[in-house]
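Order of appearance sets the numbers: ligands from 1, and atoms from 1 within every ligand.
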Amino acid sequence: MMTLYSGTTCPFSQRCRFVLYEKGMDFHIADIDLFNKPEEIAVMNPFNRLPILVERDLHLYESNIINEYIDERFPHPQLMPADPVMRARARLSLYHFEIELFSQVEILESGAAKSAEKARAAIRDFLMRMAPIFANQKQKYMLGDEFSMLDVAIAPLLWRLDHYQINLPRTAAPLLKYAERLFSRQAFIDSMTPSEKAMRK
Ligand SMILES: N[C@@H](CCC(=O)N[C@@H](CS)C(=O)NCC(=O)O)C(=O)O
């Protein structure tokens, strides 16, 4: 059975929990307090970060790498596009998320007060550039009708907007409606720890 070592408030860990619940297979989640990390985390991941997925002698880290592995190992429902061109585009979008958006999330998660306001502004700008995609009523998910890994990757951030004190203007309404669509998925609800549930009223 797979074990996911998961930070109880970690958005990157929540991505992996979300995928595990979408797949509906057997797994174990080891809840780790980020402020009291056991020494074994540094042994399993040289970057000493969560999440980590362990399956027999495989130790994987980096949430997107873990999620692609789970997706290939348990292909139903498939979360990366089947078509190679679409899959390559999805990977490129995931890369942009990491460089432009989640690098800022890491700053907020690190508690570095000095750079927090700049990080919030960068996240706000990125999301506002993305918002018009959802102005089209037919756009249910990031790639259209199908829920995909891109939705998984961004959902934990959208859940944490209030928690991170990021306020979006009214024109972000279609994006927030899309966010509600993600939050109502059973796998998303199941993926949350009690601390994450408490992040949003
Ligand atoms: N790029 C990594 C980011 C992982 C990350 O930053 N995890 C944080 C928790 S959210 C962590 O373990 N930080 C080390 C610490 O808090 O000691 C991923 O996608 O998995």
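- Near E106, meaning under 4.0 Å from one of its heavy atoms, ligand 1 places the atoms 1 (N), 3 (C).
- Ranking protein heavy atoms by distance to atom 20 (O) of ligand 1, first place goes to S63 N, 2.9 Å.
- Taking a cutoff of 4.0 Å between a charged side-chain nitrogen and a carboxylate oxygen, R129 and E100 qualify as a salt bridge.
- Nearest protein heavy-atom contact of atom 16 (O) of ligand 1 is L34 CD2, 3.9 Å.
- Between F74 and Y21, the distance from one ring center to the other does not fall under 6.0 angstrom.
- Counting only heavy atoms of the protein, atom 1 (N) of ligand 1 lies nearest to E62 OE1, 2.9 Å.
- In this structure, the protein non-hydrogen atom closest to atom 9 (C) of ligand 1 is C10 SG, 3.4 Å.
- Using a 4.0 Å heavy-atom cutoff, P51 is listed among the residues neighbouring ligand 1.
- Although no hydrogens or angles enter the test, the distance criterion places no donor-acceptor pair under 3.5 Å between the side chain of Q78 and the main chain of P75.
- Electrostatic pairing of E68 and R87 does not count as a salt bridge here, judged by no charged N lying under 4.0 Å from a carboxylate O.
- From the protein, the heavy atom lying nearest to atom 17 (O) of ligand 1 is K37 NZ, 2.5 Å.
- Closest heavy-atom approach to atom 12 (O) of ligand 1 within the set T8, L50, N45: this belongs to L50.
- Close approach of ligand 1 to F12 is summarised as follows: ligand atoms under 4.0 Å from at least one heavy atom of the residue are 3 (C), 4 (C), 5 (C), 6 (O), 10 (S), 18 (C), 19 (O), 20 (O).
- Taking the centre of each ring, F12 and F102 come in below the 6.0 Å mark.
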Margin query: F18 vs F147, test: ring-ring contact (aromatic ring centres under 6.0 Å, His included). Steps then yes/no.
Written below: CA-CA 12 Å; F18 194 4; F147 175 78; 5.5 Å; yes
